[in-house]
Amino acid sequence: MARRFEPPVALGGTASILGRCTMAADHRYDPAEIEPHWQQVWADEGTWEVPDDPGGDPTSYVLEMLPYPSGEPHIGHLKVYSVGDAVAHFHRRTGHRVLHPMGYDAFGLPAENHAIKTGQHPRVSTEAAIEEFQRQFRRWGISIDWTREFGTHEPRIYHWTQWIFLELFRQGLAYQKEAAVNWDPVEETVLANEQVVDGRGERSGALVEVRQLKQWFFRITDYADRLLEDLDAIRWPEHVKTMQRNWIGRSQGAEVVFRNEQMAVDYPVFTTRPDTLFGATFFVMAPEHPDVLRLAAGTEHEAEVGDYVNHALTADNALRGDVDKEKTGVALGRTVTNPVNGEELPMYVADYVLMEYGTGAIMAVPAHDERDFAFAKAFGLPIRRVIQSPQQQGSPCEDELEGLPYSGDGPLVNSAPQFDGVHNREALRAIVQWLDDQGKGHPSVNYRLRDWLISRQRYWGTPIPIIHCPDCGAVPVPEADLPVVLPDVEDYKPRGRSPLAAAEEWVHTTCPRCGATAERETDTMDTFVDSSWYFLRYCDALNDRAAWDPQIVARWMPVQQYIGGVEHAILHLLYARFFTKALADLGHLPHEIQEPFAALFTQGMILRDGEKMSKNRGNVVSPTTIVQQYGADTARCYILFIGPPDQDADWSDTGAEGMHRFLGRLWRLAAEAAAELPDDPVPASGARNRDDERLLRKSHWAIDKVTTDMSERFNFNTAIAAVMELINEVTPVKRGDASPGAVRFAIATAASMIFPFAPHVSTEAYHLLTGERLWEQPWPAADREFLEAATFELVLQVNGKVRDRVQAPSDASRDDLVALAHGSDRVQQFIDRNEVVKEIVVPGKLVNVVVRPV
RNA sequence: GCGGGCGUGGUGGAAUUGGUAGACACGCCGGCUUUAGGUGCCGGUGGCGCAAGCCAUGGGGGUUCAAGUCCCUCCGCCCGCACCA
């Protein structure tokens with residue numbers, strides 16, 4: 001290392017030589033030189049690698065969400081890895097073996113769409129992007145165990161994605177069914193419910209069509225309750241948990257059977273309000289309900305119902321979901337019997353009833369349900385109040401409809417003699433019990449969550465390892481034949497079926513069960529399948545006999561700190577939880593591992609001028625540019641300094657420059673001190689002068705502050721600010737008479753603590769000062785001795801307003817403090833001509849003298 | 001409509017449990033160093049006021065010796081869910 005400083009002979013014991021025209025000052029802080037140097041050392045030595053089995057050492061697994069490799073990393077990546085790396089470094093230096101791996105979510109539509117446009121194989125563009133990501137992550141100095149790296153598109157990886165599919169299939173958790181599914185006409189594939197937002201494809205923005213297709217599903221609904229309950233046990237942001245709870249949408253209620261006598265068919269409905277059963281005045285079915293046309297057949301409504309159903313099924317999904325839309329529907333000309341009172345209720349078909357939820361049919365209680373109320377008004381149907389609202393209880397109102405619809409609680413009316421006057425919550429239980437006894441209903445739970453549709457009619461994904469045999473049906477590919485390798489094709493364009501269907505040689509095969517001619521499944525899996533287990537693979541990444549060894553996984557899992565964007569609050573995070581539970585049930589994970597991510601941190605976006613960065617706005621700041629301009633340390637530090645990392649933050653070029661100046665100052669102070677100050681020990685308590693005391697006090701205060709900010713919260717911005725305060729204390733003039741040992745200690749401590757955010761410059765500075773490798777040093781510990789001062793600044797208030805500040809001994813009694821208050825002229829000024837009512841003393845802080853005019 | 005979050009100087013943000021509002025930084029102003037630019041260093045910087053002092057955390061009200069922090073109410077912005085029976 002030619003550039004290393006040769007420390008000159010020490011220039012004596014005082015710090016007064018800290019002038020500017022020194023050797024060190026001739027050199028500039030040059031990240032372009034420092035950063036690659038240490039990166040090379042870390043790469044050569046494999047510094048961040050951990051063994052599969054770390055033995056008895058405490059472990060920590062720090063993970064950022066799997067990046068999708070496309071083009072080059074953007075500033076959001078820089079932020080998420082700056083946060084994750086800070087956590088990983090802090091955990092390492094506080095005594096943990098830290099697993100901090102990297103990989104790529106390499107399958108997916110953008111690469112395939114690119115292939116459709118250019119004919120370039122998605123593997124080629126994807127692997128080019130991966131290389132670019134690798135290069136950048138290395139250039140940023142992120143501490144990654146590169147031996148564990150993989151892309152989900154590698155056959156050695158999707159081998160196990162297919163294996164997991166087969167395991168789920170074996171257990172009945174993967175199944176095929178014909179269903180009304182969301183078809184994205186632009187992407188030409190089906191989408192999961194989670195990928196449809198406001199009736200539009202999440203990626204394409206196209207209005208989604210409903211099609212009847214045979215598709216593969218994962219039975220995530222079997223895990224609805226556990227996915228809900230276990231949220232309580234994980235340290236995740238409350239709003240993410242709320243979003244998952246809402247998505248799962250558990251509602252407790254009852255199934256109630258309504259019978260159509262003409263056709264002799266029972267129609268169960270789900271309701272959360274069986275207490276309002278006596279208020280049901282009609283009955284509504286979804287247009288998709290398979291019995292609708294049959295029911296209407298032969299009635300005067302037949303033609304009208306047919307038209308309505310046709311229209312409803314072809315209408316835009318988005319419009320149908322609109323709450324404010326006028327209620328529409330058609331009478332079926334049939335009735336059902338209300339089981340509680342034998343009343344005949346007219347049947348309707350209406351598109352406000354959804355086939356996917358409950359049984360696709362509802363009992364309508366217009367008096368106590370907004371939607372039913374709106375429908376009843378539109379169709380002139382009777383409205384019967386069966387629950388009294390509080391306003392109504394004193395004086396029965398004149399207008400029958402006043403206060404309706406009312407969805408709150410209250411005593412029952414107009415119901416049945418044994419229930420009238422009973423509070424509805426109580427009546428609810430009694431009515432369900434009665435229905436159960438009569439065989440006309442039972443308690444029931446419903447979920448909004450549906451099974452996860454995983455098949456995609458696209459090329460660039462993991463092939464579904466199934467062979468369709470005319471005799472045996474869907475037969476799993478034998479484990480020994482895995483992986484089913486994705487074949488090359490000429491044409492990536494989906495034409496309503498997977499491009500894989502065109503790979504005829506690949507498709508044609510024999511049935512593993514009976515040997516007959518058979519065909520391979522040509523759909524591929526949703527890429528969310530890949531990202532639902534990748535974190536398990538990292539623990540045992542090179543295993544070529546199994547997806548992982550459960551014993552090894554047990555050493556690292558669950559992920560101690562997971563970091564990523566809130567946009568995955570539902571999709572990825574719910575699927576990964578489902579996989580973890582299912583795999584544990586199947587015996588592939590230790591039973592204790594029920595949750596993949598013990599703690600979650602969601603970072604905010606980086607904005608510019610208050611707006612999202614986007615190519616359209618032309619306000620994109622690229623990490624490449626920033627790193628070139630200021631170095632990785634500045635970029636990483638600044639991104640963490642702009643504000644709390646969970647909040648959105650506005651990027652500012654001048655702000656980044658300020659951070660660059662600060663790191664330069666830190667480096668220069670270290671270089672100067674290394675060159676000019678003798679390497680004395682920190683002066684012992686008897687040998688310290690006032691400046692030593694001040695500097696050491698500040699140092700230990702900063703250690704305490706930074707340690708708290710890092711371990712108890714994610715306040716990296718205030719941690720960095722504390723290091724800045726410490727450095728401000730070390731500047732030449734302030735240093736005054738401080739001893740070289742104290743000055744060196746303060747600078748080394750600052751470097752040590754900025755390391756998780758700016759690993760290169762801090763390592764360099766620390767090495768200059770001590771000759772030691774910073775990453776091998778334990779995290780500094782604050783010495784209590786310096787945290788407790790002999791005196792403190794006592795704030796003196798009169799009537800809650802600050803009037804003076806004085807130094808007070810830390811061990812002063814309350815009376816002493818009050819005396820000090822009265823001793824202040826400025827306080828006296830405000831007490832004069834007033835009567836002292838009382839004195840409030842907050843030890844160590846303030847005295848408040850309360851006065852009132854005489 | 002329901003649920004959640006947020007509102008503090010010119011700007012980003014601090015204020016951990018009700019106890020000094022504005023840490024730290026950007027920007028701006030002034031000074032020193034430098035051939036010069038940049039860098040570096042020193043000082044100042046919430047508003048009003050000559051000053052004593054007064055005012056100030058989206059608006060209004062309350063609790064308290066003391067409120068950015070707790071309570072009520074209104075306003076504004078952001079996010080999630082939304083015909084789920």
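We name chains A, B, ... by the order of the sequence lines, and we start the count at 1 in each one.
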### Query
What residues form a side chain to side chain donor-acceptor pair (under 3.5 Å) with A:N619, not counting sequence neighbours?
none
Can you tell me if [X] touches the phosphate of [N], counting only side-chain N or O atoms and a distance under 4.0 Å to OP1 or OP2?
| X | N | result |
| --- | --- | --- |
| A:T242 | B:C81 | no |
| A:N246 | B:C2 | no |
| A:R661 | B:C26 | yes |
| A:R448 | B:A85 | no |

#### Entry: A:T221 versus A:D451, side-chain donor and acceptor atoms under 3.5 Å
yes
### Message
Using a 4.0 Å heavy-atom cut-off, does A:R803 contact any base of the nucleic acid, only the sugar-phosphate backbone, or nothing at all?
### Response
sugar-phosphate
### Query
Looking across every strand, which nucleic acid part, if any, lies under 4.0 Å from A:G658 by heavy atom: base, sugar-phosphate, or nothing?
sugar-phosphate
Please name all residues satisfying side-chain contact (heavy atoms from CB on, under 4.5 Å) with [X], sequence neighbours left out, ordered by chain then number.
| X | value |
| --- | --- |
| A:F714 | A:V83, A:V87, A:Q561, A:F601, A:P645, A:F716 |
| A:V566 | A:H239, A:V240, A:A569, A:T602 |
| A:N848 | A:Q797, A:I840, A:L846, A:V850 |
| A:A746 | A:L695, A:S699, A:L726, A:V730 |

#### Entry: Non-neighbouring partners of A:H289 that pass ring-ring contact (aromatic ring centres under 6.0 Å, His included), sequence neighbours left out
A:Y267
[atom1] spacing across the pair [N] / [M], given as an integer number of angstrom:
| N | M | atom1 | result |
| --- | --- | --- | --- |
| B:U64 | B:G68 | C1' | 16 Å |
| B:C70 | B:G19 | P | 11 Å |
| B:G4 | B:U8 | P | 22 Å |

### Task
May I ask you to list the residues of residues 791-802 of chain A, by number, that have any heavy atom positioned under 4.0 Å from an atom of RNA chain B?
A:E793, A:V795, A:Q797, A:K801, A:V802
## Note on the structure
Result for 5'-nearest mapping on RNA chain B, choosing between A:E370 and A:F830, is A:E370
Please write out each protein N/O paired with an N/O of nucleotides 44-46 of chain B under 3.5 Å, distance rounded to 0.1 Å.
none

### Task
Return the value, rounded to whole Å, for the distance between atom CD of A:Q244 and atom C1' of B:G4.
15 Å
### Query
Which letter, B, S or -, goes with each nucleotide of nucleotides 9-17 of chain B from 5' to 3', with contact meaning a protein heavy atom under 4.0 Å?
---BSSSS-
### Query
Who are the salt bridge (charged side-chain N to carboxylate O under 4.0 Å, His left out) partners of A:D275, not counting sequence neighbours?
A:R273
### Task
With sequence neighbours left out, write down each residue that passes salt bridge (charged side-chain N to carboxylate O under 4.0 Å, His left out) with A:R384, or none if nothing qualifies.
A:E343
#### Entry: Watson-Crick or G-U stems of RNA chain B, 3 or more pairs, under 3.5 Å, by first number
B:1-7 with B:75-81, B:10-12 with B:24-26, B:27-32 with B:40-45, B:46-48 with B:53-55, B:58-62 with B:70-74
